[in-house]
Number of protein chains: 2
Amino acid sequence: MYSSELIKGTLKTIILNLLKEQGRMYGYEIVQKVKDLTDAKIQLTEGALYPTLHSLEKNGELDIEKQYMGKRVRKYYTLTEQGLNTAEKKVSEFAEFIETMKFLLDLEPKMNNG
Amino acid sequence: MYSSELIKGTLKTIILNLLKEQGRMYGYEIVQKVKDLTDAKIQLTEGALYPTLHSLEKNGELDIEKQYMGKRVRKYYTLTEQGLNTAEKKVSEFAEFIETMKFLLDLEPKMNNG
DNA sequence: AAATATACATAAGAATATTATGTATTTCCA
DNA sequence: TGGAAATACATAATATTCTTATGTATATTT
């Protein structure tokens with residue numbers, strides 16, 4: 001489990017990318033999927049997730065589709081066209097950021113040993 | 001220049017690692033050095049930097065040494081032993097985090113092409 | 001002399017996450 | 001069959017952290 005500090009600022013990127021890959025998901029599912037994929041090293045909290053989903057939807061990045069499982073409601077989220085765009089932008093920005101940080105923190109694997 | 005969102009949560013790691021590599025630095029110097037090293041892609045703001053330096057010092061990670069250049073004061077920071085420890089812990093945690101995120105976001109370069 | 005750079009500092013506000021709590025249903029299992 | 005755990009949503013209070021704005025003051029460049 002990483003320090004929460006470290007994960008800050010990556011939540012939107014994670015959500016948008018997961019939805020891009022998985023098609024449609026509901027909130028609780030996102031939490032479980034991220035936990036699974038990261039061996040529980042990243043555990044999203046619902047208190048952070050739901051407000052972020054709502055704000056992404058409000059900003060036109062996500063569409064909602066309600067589904068009733070018996071009486072329990074489930075809200076499936078899918079990317080809008082804008083959301084897909086944002087997802088790709090955010091992921092590639094993060095990829096660049098990683099490279100910058102690797103250089104800044106001297107994490108580059110040495111290429112020349114001889 | 002990366003979106004500020006992306007840089008969130010990395011400030012302490014950056015500061016501690018720079019001090020580990022450079023020995024001793026003052027605040028303004030840290031801002032310039034990070035800008036230089038990252039081609040201005042990461043620009044720390046003084047409003048974020050100084051409070052963070054103060055809190056790191058308060059927590060025993062940094063030592064301060066004041067130097068007067070004429071009348072102007074300059075505060076040099078160095079890592080304490082605890083600070084060196086924290087620096088190494090934070091950097092390696094970040095390195096692991098990068099790997100987790102690369103997997104989560106499907107950024108792994110393909111190893112097998114044939 | 002004025003503009004820019006150096007060098008510190010802090011306060012108000014915004015953004016985002018944590019923690020705690022709440023509702024309600026469904027599934028597991030003892 | 002009754003209680004715990006899991007599912008699935010939500011939000012409010014608080015904490016943390018960053019941005020933006022502002023302030024002070026000296027030194028250097030033009």
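Side chains included, hydrogens not; waters and symmetry mates left out as well; all remaining heavy atoms used. In what follows, chains are A, B, ... by sequence order, proteins preceding strands, each numbered from 1.
- Atoms CD (A/Glu46) and P (C/dA24) sit 17 Å apart, rounded to a whole Å.
- For the pair A/Leu19 and A/Thr78, the minimum side-chain heavy-atom distance is 4.5 Å or more.
- Taking side-chain N and O atoms only, B/Tyr50 has a distance below 4.0 Å to OP1 or OP2 of C/dC8.
- Picking from D/dC18, D/dC9, C/dA7 the nucleotide with the shortest atom distance to the side chain of B/Leu11 gives D/dC18.
- Atom pair A/Tyr28:OH and D/dA5:C1' shows a separation of 9 Å (rounding to whole Å applied).
- Contact between the side-chain N/O atoms of B/Lys66 and the OP1/OP2 oxygens of C/dC8 is not found at any separation under 4.0 Å.
- No salt bridge links B/Arg74 with B/Glu29; every basic N to acidic carboxylate O contact stays at or beyond 4.0 Å.
- Residue-to-nucleotide proximity on DNA chain C shows that, of B/Val73 and A/Lys8, the 5′-proximal contact is made by B/Val73.
- Between B/His54 and C/dC8, a side-chain N or O to OP1/OP2 separation shorter than 4.0 Å is absent.
- The distance from atom CD1 of A/Ile42 to atom P of C/dA17 is 13 Å, rounded to the nearest whole Å.
- Regarding A/Leu44, its CG atom lies at a distance of 15 Å from the P atom of D/dA10, rounded to whole Å.
- Considering only the side chain of B/Arg72, D/dA27 comes nearest among D/dT19, D/dA27, C/dC8.
- The interatomic distance linking B/Leu49 (CG) with C/dA7 (C1') rounds to 11 Å, in whole Å.
- Across all strands, A/Gly47 comes closer than 4.0 Å to base atoms (heavy-atom distances).
- For D/dC9, neither phosphate oxygen OP1 nor OP2 lies less than 4.0 angstrom from any side-chain nitrogen or oxygen of A/Tyr26.
- Among the nucleotides D/dT19, D/dT17, D/dC9, the one closest to the side chain of A/Arg74 is D/dC9.
- Across C/dA17, C/dA5, D/dT17, the shortest atom-to-atom separation from the side chain of A/Ala48 is found for C/dA17.
- Straight-line distance from the OH atom of A/Tyr76 to the C1' atom of D/dA8: 11 Å, rounded to whole Å.
- For B/Ser4, taking side-chain heavy atoms from C-beta onward, the closest of the listed nucleotides D/dC18, D/dT17, C/dT18 is D/dC18.
- Dashed line: the shortest gap from a side-chain N or O of A/Thr45 to OP1 or OP2 of C/dT19 is not under 4.0 Å.
- Put simply, A/Lys75 has a side-chain N or O that comes within less than 4.0 Å of OP1 or OP2 on D/dA10.
- If you measure from atom CG of B/Leu53 to atom C1' of C/dT10, you get 14 Å, rounded to the nearest angstrom.
- Atom CD1 of A/Ile15 is separated from atom P of C/dT16 by 12 Å (rounded to the nearest Å).
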